[in-house]
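Working notes, structure below.
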Protein chains: 2
Amino acid sequence: MKKSAKLAMPAPQAFQPIESVSIGTQLYRHLRGAIIRGDLHPGQALSESEIARQYSTSRQPVREAFIKLAEERLVNIQPQRGTFVVKISVADVLDARFVREAIEVAVAQEAATSAPPTAIKELRNLIEQQIAVSHGHNAEFLALDEEFHRTISLSVGRAHAWRVIEGIKAQMDRIRYLSLDDATPLPLIIEQHSRIVDGIEAGNPAAAAAAMRSHLREIIISLPDIAARFPDVFESESLTGAS
Amino acid sequence: MKKSAKLAMPAPQAFQPIESVSIGTQLYRHLRGAIIRGDLHPGQALSESEIARQYSTSRQPVREAFIKLAEERLVNIQPQRGTFVVKISVADVLDARFVREAIEVAVAQEAATSAPPTAIKELRNLIEQQIAVSHGHNAEFLALDEEFHRTISLSVGRAHAWRVIEGIKAQMDRIRYLSLDDATPLPLIIEQHSRIVDGIEAGNPAAAAAAMRSHLREIIISLPDIAARFPDVFESESLTGAS
DNA sequence: ATTTATACTTTACCATACATGTATGGTGAT
DNA sequence: ATCACCATACATGTATGGTAAAGTATAAAT
């Protein structure tokens, strides 16, 4: 009886199993956001017991969250010593940016030849929303910015590409949160977004690629200033090499 | 005074803290290799308790290994159900290959302009070794192949790029282990490697990029055949879309 | 014969206890 | 004043018991 009723449901594959997220995963997401936003300062020590007390849980879920964060290079687990929020390394960020550029430029090229019209409409829509919040609401803008880039990747079915970018973006976003106000002016970023969509819509891979490339190189400009202004947030960068 | 005496010590920066690897990490590495080599079959269920018994340890380290494997998309943890070795998805592999091509082509371009001569010598050396084992020893060849690609990335300081590639390679290597014998002939691969180094050594970014690109597209050719020959190893690939 | 209901098994998840390595302040001998 | 030594506190790593949920098999009922 109930089964036959269920079979009448509209889109079975759209069903999400409610996904009762485990405590460890919830903690992971929460801490990840806190680190990216800078609520947890680079270099700060994170204690399993301490976090467990704060969230009224046991050490085990905290431990699992730490492991995931360590995989993402957001914390550094030192056995029998402690777990610390990793400081930002200028060299690392530039290296990550290089990878991101390689991937997203390739995606933009592909989008110019095979992105569906609905995706272009969605991208234009996102740009409109970005304009709407471009006066002051920088946090909201960052979310729309992320959705913009994600939409491009998913529009050509590059889910894996987006997954990689997402991890890289985390490191780069930490810097953007450091200088929310005096970074690259939002109207300029929005203009760059428009040029990217222009290239995609025109079916011009070279133009789309060039627009994406110059867009992603913005951060290189502001990075040295930021590193100089927040010295305690960055790695000493002299004798590290590997870590 | 005494400080000057301490300054006479041999090489303080060469000190490595011995890195006593935890059981969980050891298990992760072991299981990872087993999955890539195909010793653990796609779809197979992995039980925390079972693995713990096999390796004479407790369930906790096993659990941590599972979490790391899940981050790498090598196993799929289903809460309250079980953990399974993920089947290979043709679409996923093609998506991952796309990302790898984007990164490694960019790296090859960069290497053509700024790789040190020592790196080129090292690459030539690796090719010689590959020739030496190209008759039969396919497992050894795979190791040398990995070292070849890693050397290129690290020669231009792209450690982050290599880290991303390493994760992608895992998925692609699973396929190579499926058809160790009748895959692309090793001499052909070695020839492609040579062309890549030729481009780098000549300082010709376009040539290096083109050589790398065609090299990384080899797998597309053999993939359909392999997928047809090992149907139980691959995802059904019809209604998945996301997972 | 088909369906419903119930008991049972297995699983990942969480909490707790214990083991082991590390940092640190104090103490006494030199 | 300096050093070795030790006690203490705290960090992560490991072991183990308990729990809720999902799957399965058996039995009852229609």
Side-chain angles (χ1 to χ4, degrees), chain A residues 1-7 12 15-31 40 43-71 73-86 243, chain B residues 1-6 9 15-31 40 43-86 243:
Chain A
M1 39 183 75
K2 278 174 185 169
K3 278 192 177 175
S4 49
K6 280 190 178 177
L7 287 179
F15 173 69
Q16 280 284 72
I18 302 182
E19 187 153 358
S20 70
V21 183
S22 71
I23 297 180
T25 301
Q26 292 182 44
L27 272 174
Y28 159 70
R29 293 178 184 169
H30 191 79
L31 294 175
L40 294 174
Q44 179 174 347
L46 299 180
S47 160
E48 286 183 0
S49 326
E50 178 71 16
I51 305 282
R53 265 197 303 275
Q54 287 180 15
Y55 292 87
S56 301
T57 179
S58 73
R59 270 182 51 213
Q60 218 54 46
V62 179
R63 180 170 173 73
E64 298 178 5
F66 279 12
I67 291 177
K68 292 182 183 177
L69 292 170
E71 291 280 313
R73 292 283 211 274
L74 289 176
V75 304
N76 181 15
I77 302 177
Q78 302 188 20
Q80 272 70 37
R81 280 188 37 102
T83 298
F84 306 87
V85 179
V86 298
S243 83
Chain B
M1 35 192 82
K2 279 174 187 172
K3 279 188 179 177
S4 49
K6 280 190 177 178
M9 283 177 59
F15 174 69
Q16 278 282 73
I18 302 186
E19 185 158 359
S20 71
V21 183
S22 69
I23 296 180
T25 301
Q26 292 182 44
L27 271 174
Y28 159 70
R29 293 177 184 170
H30 190 80
L31 294 175
L40 293 174
Q44 179 174 346
L46 299 180
S47 159
E48 284 184 2
S49 329
E50 179 69 15
I51 304 283
R53 266 197 304 275
Q54 287 180 18
Y55 292 88
S56 301
T57 178
S58 72
R59 301 195 311 269
Q60 213 55 44
V62 178
R63 179 171 172 73
E64 298 180 2
F66 280 10
I67 291 176
K68 292 182 182 176
L69 291 171
E71 291 280 313
E72 215 169 341
R73 291 285 210 273
L74 288 176
V75 304
N76 181 17
I77 301 177
Q78 302 187 20
Q80 271 69 37
R81 280 188 35 103
T83 298
F84 305 87
V85 179
V86 298
S243 85

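Residue numbering restarts at 1 for every chain, and letters A, B, ... go by the order of the sequence lines.
Going from atom CD of Gln78(B) over to atom C1' of dT10(C) covers 14 Å, rounded to whole Å. Separating the CZ atom of Phe66(A) from the P atom of dA11(D) is a distance of 10 Å, rounded to the nearest angstrom. Atom P of nucleotide dT12(D) and atom CD1 of Ile23(B) are separated by 18 Å, given to the nearest angstrom. Regarding Ile77(B), its CD1 atom lies at a distance of 21 Å from the P atom of dT10(C), rounded to whole Å. Whole-Å rounding puts the Glu64(B) CD to dT16(D) C1' distance at 15 Å. For the pair Ile51(A) CD1 and dA15(C) P, the interatomic distance rounds to 15 Å; values are reported in whole Å. Summarising the geometry, the separation between CZ on Arg53(B) and P on dA15(D) is reported as 15 Å, rounded to the nearest angstrom. Atom-to-atom, CZ of Arg59(B) to C1' of dT19(D) comes out at 12 Å; the value is rounded to the nearest Å.
Residue whose closest nucleotide on DNA chain D sits further toward the 5' end, between Pro61(B) and Ser47(A): Ser47(A). Along DNA chain C, the nucleotide nearest to Pro79(B) and the one nearest to Thr57(A) differ in position, and the one closer to the 5' end is contacted by Pro79(B). With DNA chain C read from its 5' end, the first of the two nearest nucleotides for Arg63(B) and Gln60(A) is the one closest to Arg63(B).
Residue Thr83(B) is in sugar-phosphate contact alone, with no base atom involved, counting any heavy-atom pair closer than 4.0 Å across all strands shown. Among the heavy atoms of the strands, none lies under 4.0 Å from Ile67(B).
The main-chain N or O of Thr25(B) is never found under 3.5 Å from a side-chain atom of Glu64(B) such that the two would form a donor-acceptor pair.
The closest side-chain donor-acceptor pair between Glu71(B) and Tyr28(B), if any, does not fall under 3.5 angstrom.
Side-chain nitrogen and oxygen atoms of Arg81(B) include at least one within less than 4.0 Å of the OP1 or OP2 phosphate oxygen of dG23(D).
Distance from the side chain of Ser58(B) is smallest for dT14(D) among the nucleotides dT14(D), dT12(D), dG23(D).
The shortest heavy-atom contact between Ser49(B) and Arg59(B) is OG-CD, 3.8 Å.
A 4.5 Å side-chain heavy-atom check between Val85(B) and Leu74(B) finds every atom pair outside the cut-off. Gln26(A) has its side chain out of reach of Tyr55(A): every pair of non-hydrogen atoms, C-beta onward, lies at least 4.5 Å apart.
Interface remark: the Gln80(B) side chain does not form any donor-acceptor pair with the dA21(D) base, using a distance-only criterion of under 3.5 Å.
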